[in-house]
Number of protein chains: 2
Amino acid sequence: MDELSKYDANYVPLTPITFLQRASSVYANRTSIIYDSTRFTWRQTYERCCRLAASLRSLNISKNDVVSVLAPNIPALYEMHFAVPMAGAVLNAVNTRLDAKNVATILRHSEAKIFFVDYLFIPLATRALQLLLDESQGIPLVIVIDEIGAQKGTVRSGELEYEQLVKNGDSRYVPEEIRDEWDPIALNYTSGTTSAPKGVVYSHRGAYLSTLSLLLGWEMGFEPVYLWCLPMFHCNGWTFTWGLAARGGTNVCMRSPTASEIYRNISTNKVTHMCCAPTIFNIILEAEPYERRQIRTPVRVLTGGAPPPASLFEKMESLGFHITHSYGLTEATGPALMCEWQTQWNRVSILTLADADVKNLETMTSVPRDGKTMGEIVIRGSSIMKGYLKNKEATSMAFKNGWLATGDVGVVHPDGYLEIKDRSKDVIISGGENISSVEVESVLYRHPRVLEAAVVAIPHARWGETPCAFLAVRKSSEGNMDDIKEGEIIAYCRKNLPHFMVPKKVEFLSELPKTSTGKIQKFQLREMGRNLVNSNERKQIATKNGRPLAQANKFDSDRHEKILPTMSRL
Amino acid sequence: MDELSKYDANYVPLTPITFLQRASSVYANRTSIIYDSTRFTWRQTYERCCRLAASLRSLNISKNDVVSVLAPNIPALYEMHFAVPMAGAVLNAVNTRLDAKNVATILRHSEAKIFFVDYLFIPLATRALQLLLDESQGIPLVIVIDEIGAQKGTVRSGELEYEQLVKNGDSRYVPEEIRDEWDPIALNYTSGTTSAPKGVVYSHRGAYLSTLSLLLGWEMGFEPVYLWCLPMFHCNGWTFTWGLAARGGTNVCMRSPTASEIYRNISTNKVTHMCCAPTIFNIILEAEPYERRQIRTPVRVLTGGAPPPASLFEKMESLGFHITHSYGLTEATGPALMCEWQTQWNRVSILTLADADVKNLETMTSVPRDGKTMGEIVIRGSSIMKGYLKNKEATSMAFKNGWLATGDVGVVHPDGYLEIKDRSKDVIISGGENISSVEVESVLYRHPRVLEAAVVAIPHARWGETPCAFLAVRKSSEGNMDDIKEGEIIAYCRKNLPHFMVPKKVEFLSELPKTSTGKIQKFQLREMGRNLVNSNERKQIATKNGRPLAQANKFDSDRHEKILPTMSRL
């Protein structure tokens, strides 16, 4: 078998840019983007991206420079997913829910050369830039994104504006050739609940393969109409920014996923697909009658997280939504595992490009396929990030065993399905028994009055730890909130759970504390839980019981940013 | 943007072997193969492949050795698509319709170390091996594949048998690690109608990406039930050998695609998908009543070739087959372009991984998108072969312009669809006008009596060339074959074609000459056509008119082996 070399005709570096180039040819006149009354075709989108890329180059953007953007799901953010890499640069879509301090941290760490800011986020951007100036840091060149088609913009004289760059760029621009598919294409920061945000870098190859993997995994066919409920700054919209171009679909953009906007867009534009966090389900289900529209054709929904109550999914299905469940993390370019909605909500099969296993991290051996033995979920594959920007230690730590440890605990069933049990640090160890907080929560969610539930460990003199439940509840039919008591919840749990798993304490809150990405902050609840335990008890438990699972997890389990962690709940 | 290295966790070389490994885990207990009463699960298939690979290693097969196989669509041939690369070797599935001379040529050229032979093909293999021995060539180690589960096999003492190797191999075998995804996985010979067969080499990367491309292009979802009508030795079954593992599907194997076997398998096993040459449509439609079964759920069919008569497809659709049309070549790992069945049959969109264009090969500029200007169809992408085995000249020639020239002529429509017009050497140039032989044939096929049609150029004193039609016809309702005359066909063509495109001569044959892969041999027809022209005429046309299209095609247009060339017809 002689050596055969690579040629331009048979070795084409993998990059999502080719999806747009193909779409501009194959789907030339199909609608690429709908945003209120604005409409583009794929040919126009490609031309606009060429122009924007040309303008970026004329602003001295060069290979591997970072271009940051602070914007909701508007056409400009979609276009930048192609235009920025077409200029050879790296896209950094910043979470719009962050505070100025976090935005400043990201701009500093990424060394962004250009910072695009949607006109509504100018106040937040200004505060972040001021923080950098206060530290005598350099700041990126700021470009405002005005409302598209707005009569009177917000741009002051001397400022650069997005549409100007598109307009002034050369449409004959030839995209920067990606010679090495391992080159970076995007940089996404973890939200950093307990530590500084980490910059997760994706390669062109990884982005390309993840995109195909998700199209295959979700069986997304040709020419979908996709509603942008999931922020594009979440793992580049779980790669569907690129995937919509690969499928010649239509991107339905909207600034904010309100009930009326969701219903209106689904109905008017005949939406076929959407991704979202489960919180969106509540928005949809609790919409006022005047906000609702009939959903005539089924909408396929990709979501994630731990088992929400079956009744909620039944309600969604009855409205015309067909739900697929996924599990993933920023480090894996979004969803890595997926399953159709079923009673065993948490059992997911592995997507094409991710290899997953459940291992004992001490021995790196796989757990038996008995549906019982817990271990840490580990993944590997072409969808996994290149690593963390300017953080070699965290990167080599993350990859040291040939697998990426997720910080989640699961079991493998005899049929090969993987069931996610909990975040490893959220497992409660009571009298030597492992209690999955997720399991307790899933029972609590089935209680008709429970709106939000989170279960954490609190110290206990005898058992080491016991479960403590934090709940937000619905009003009763009489409009009362405070008619439901701890005793009722505990009695209900006793009926539905083994005794050792029943929460010893139940606390009611008007709302559970959440991060900027909508995750329930269990570390805050643990803190609150500890304060509930009286000081006497605390003395007795100064010596904490061993926590085999937590110990087995040698990594900082906050390292990995779950896109829909098991705790992200309705 | 600092440099981030590759790790085992995030850089996994692309290889179809991973599809089987994943299937053995995710689809462990699902049926992988059905062959009469034989059934395997994906876990069993993986274990059998591990055992076979281990046995191959113990027979001294090492990295990049070629393992040839001569077999129909039986489980062994399917398993070898994984087991051979799992041993680090290269699979060479030989066309069972070849003669002994061609088989010998392939064994000699490929330097095959092992030659698996299905028991029914022992006579052919024996003749081929004898030819090698007559030339004092070394011969490969021969391993017989007996009918699986046969009580009394055909293997003589001292001979090796397939099931023995599977049985004796170590199930704990760890597949050869593919460190470089550019390594070869398969070797497929072109049929070599006019020249020696060429060995087309696929890489692991190319096979992997082609597989995903075809799954996406055909929108093949999870757990299909796939009937093996298309020989696996055709571009590895257009990559669906590997694709079925990626989707956790069921392979329904059968030795021979007869009407009764096709109907029985579709009905009994609830087949959802099949690929086939259009010749299979006739087998299905002309089945005897006792061979037929009701087809209860739709069967999706992927086929290819030039526009067959719409009525035929309507008949297929009415039986419950939903047809997708493709265009491809061995050099592109099978289908590269695809479209749903539509009236404009020949208009195909480009698959995810292939970039296609229509170019003037002299200037390498794209033809205008006017649906009129003809040029040569060129393709590039990750699905394109590595090159030709031991034929550096042909390889570098094939790739010299950064594109692979297909030898086919097409146009591009304003909407981006590509229409295949003809093989460049089959275009007829009459009085300076280009006539697509395919276009004339498609009209002929619409004639109720026409069964097979092929149109070739014959020399003409005034026009340079004129079209000549060769036809095989159906019996009339009275059972006559010879009641249809040249005049009737010409009159029919005059009604349906511009005059310059009407064949000047019509010849009736009982059957058109075909290659071992079922293609009509136009070069033989051209030879026959020349003999029809009288010698007087021939003198006058000694100086042949220029043929701009054929001249523009600098390559030997027989170089590329179409999997379903425009000429492959019903």
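The sequence lines fix the lettering, A, B, ..., with proteins before strands; numbering per chain opens at 1.
- For B/Y202, no part lies near chain A; criterion is any non-hydrogen pair under 4.5 Å.
- Proximity to chain A is absent for every atom of B/K63, based on heavy atoms less than 4.5 angstrom apart.
- For a residue to count as touching a neighbouring chain, one of its non-hydrogen atoms must lie under 4.5 Å from one of that chain's; by this rule B/R30 does not touch chain A.
- Closest approach of A/L4 to B/Y388, counting heavy atoms only: CD2-O, 3.7 Å.
- Note: A/L215 CG to B/L212 CG = 10.5 Å, rounded to the nearest 0.5 Å.
- Here the NZ-OH distance, from B/K386 to A/Y7, works out to 11.5 Å after rounding to the nearest 0.5 Å.
- A perpendicular orientation is assigned to the rings of A/W182 and B/Y11, their planes being inclined by more than 60° (bins at 30° and 60°).
- Between chain A and the options B/S383, B/G221, B/A356, the largest number of non-hydrogen pairs under 4.5 Å is found for B/G221.
- No part of B/D355 comes within reach of chain A, as not one of its non-hydrogen atoms sits under 4.5 angstrom from that chain.
- Within the 4.5 Å cutoff, the side chain of A/R247 has heavy atoms near those of the B/E219 side chain.
- The residue among B/S24, B/G381, B/A246, B/G199 with the most heavy atom pairs within less than 4.5 Å of chain A is B/G381.
- Residues B/V12 and A/R205 share a closest heavy-atom pair of O-NH2, 3.2 Å.
- Per-residue heavy-atom pair counts under 4.5 Å with chain B were compared for A/N10, A/I384, A/D8, and the maximum is reached by A/N10.
- Of the listed residues (B/V66, B/V378, B/V90, B/N29), the greatest number of heavy-atom pairs within a distance under 4.5 Å of chain A belongs to B/V90.
- Residues B/A9 and A/L404 come closest through the heavy atom pair CB-N, 4.0 Å.
- Contacts between B/S213 and chain A at a heavy-atom distance below 4.5 Å are absent for every atom of the residue.
- In this structure, chain A has heavy atoms under 4.5 Å from both the backbone and the side chain of B/L14.
- When all heavy atoms of B/R369 and A/S25 are compared, the pair lying nearest together is NH2-OG, 2.9 Å.
- A/S396 touches chain B through backbone and side chain together, each having a heavy atom under 4.5 Å away.
- Both the backbone and the side chain of A/V26 have a heavy atom closer than 4.5 Å to some heavy atom of chain B.
- Residue contact with chain B, scored on non-hydrogen atoms closer than 4.5 Å, is absent for A/Y27.
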